[in-house]
Asks: 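Structure in structure tokens, see below.
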Amino acid sequence: VQLQASGGGLVQAGGSLRLSCAVSGRTFSYYGMGWFRQAPGKEREFVAAISRSGGTTGYADSVKGRFTISRDNAKNTVYLQMNSLKPEDTAVYYCAANRNGYTVVSGSYDYWGQGTLVTVSS
């Protein structure tokens with residue numbers, strides 16, 4: 001299974017970005033998917049997760065109401081729409097796939113993408 005994240009970049013505070021993560025190698029709908037991030041000098045943290053069907057989603061408190069996770073099983077892609085971005089959202093964002101479905105626990109994810117950098121300027 002390979003995950004390819006894209007869509008990061010430089011944006012001003014208050015702006016928006018949409019991250020994408022394309023998954024290949026196995027049936028995409030088999031996996032629960034998640035987004036995580038790691039800021040410089042900090043631990044990796046959970047951002048959002050979505051179930052196999054997309055019917056269940058979960059968010060970190062820090063992004064709730066601003067970020068939306070979604071998936072298109074026909075396109076083997078999971079998305080993270082990020083609105084009202086803040087400088088503290090600056091991090092490398094990683095997508096991940098879990099064979100056992102929906103989870104917010106990073107240690108439960110089996111496959112990880114390479115990360116895409118999001119920089120939010122003040």
Side-chain angles (χ1 to χ4, degrees):
V1 176
Q2 293 185 323
L3 289 74
Q4 181 71 43
S6 61
L10 174 64
V11 63
Q12 288 189 330
S16 297
L17 281 175
R18 188 175 82 154
L19 305 184
S20 299
C21 176
V23 179
S24 61
R26 287 290 298 270
T27 303
F28 176 65
S29 59
Y30 181 75
Y31 297 99
M33 299 296 298
W35 286 98
F36 295 80
R37 68 186 181 186
Q38 187 166 20
K42 294 189 176 182
E43 300 274 324
R44 185 172 62 193
E45 64 176 0
F46 166 74
V47 176
I50 190 166
S51 62
R52 291 166 171 145
S53 67
T56 299
T57 58
Y59 299 91
D61 287 343
S62 58
V63 307
K64 203 170 292 184
R66 300 188 297 122
F67 290 11
T68 302
I69 189 171
S70 62
R71 66 189 295 161
D72 186 336
N73 285 349
K75 295 183 177 180
N76 290 2
T77 302
V78 62
Y79 304 97
L80 186 68
Q81 178 67 43
M82 306 186 295
N83 299 329
S84 302
L85 282 161
K86 304 175 181 179
E88 51 263 45
D89 294 319
T90 295
V92 177
Y93 284 72
Y94 299 90
C95 59
N98 177 33
R99 292 172 295 181
N100 294 316
Y102 177 85
T103 181
V104 303
V105 179
S106 65
S108 296
Y109 282 83
D110 305 292
Y111 306 100
W112 292 82
Q114 86 290 357
T116 185
L117 176 63
V118 172
T119 304
V120 184
S121 63
S122 57

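All heavy atoms count here, side chains included; hydrogens, waters and symmetry mates do not.
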Asks: Is there a side-chain contact between R52 and Y102 in this structure, where contact means two heavy atoms from C-beta onward sitting under 4.5 Å apart?
Replies: no
Asks: Report the distance from atom CG of L85 to atom CD of Q12, rounding to the nearest 0.5 Å.
Replies: 11.5 Å
Asks: Do V1 and D110 have side-chain heavy atoms sitting under 4.5 Å apart?
Replies: no
Asks: In sequence, state the C-alpha distance, the side-chain angles, and the governing distance for K86 and D89, and then conclude on salt bridge (Lys or Arg N to Asp or Glu O under 4.0 Å).
Replies: CA-CA 5 Å; K86 304 175 181 179; D89 294 319; over 6 Å; no
Asks: Quick one: closest heavy-atom pair of S20 and W35, and the distance?
Replies: O-CH2, 3.7 Å
Asks: What are the two closest heavy atoms between S106 and F36, and how far apart are they?
Replies: CB-CE2, 3.4 Å
Asks: Nearest heavy-atom pair of Y93 and M82: which atoms, and what distance?
Replies: CE2-SD, 3.9 Å
Asks: Return yes when atom CD of E88 has more than 12 non-hydrogen atoms of other residues, nucleotides or ligands closer than 6.0 Å, and no otherwise.
Replies: yes
Asks: State whether the side chain of T57 and the backbone N or O of I50 hold a donor-acceptor pair below 3.5 Å, judged by distance alone.
Replies: no
Asks: Which pair of heavy atoms, one from V105 and one from Y109, lies closest together, and at what distance?
Replies: O-CD1, 3.3 Å
Asks: Heavy atoms only: give me the nearest L80-A48 pair and the separation to one decimal.
Replies: CD1-CB, 4.1 Å
Asks: Taking all non-hydrogen atoms of both residues, which atom of N83 and which atom of S16 are closest, and how far apart?
Replies: OD1-OG, 2.9 Å
Asks: So does A5 get a backbone contact from the side chain of Q114, meaning a donor-acceptor N/O pair under 3.5 Å?
Replies: yes
Asks: Donor-acceptor pair, R71 side chain versus S51 backbone, under 3.5 Å?
Replies: yes
Asks: Could you tell me whether a side-chain N or O of Y59 sits under 3.5 Å from a main-chain N or O of I69, the two making a donor and an acceptor?
Replies: yes
Asks: Are any of the side-chain heavy atoms of K75 and F28 separated by less than 4.5 Å?
Replies: no
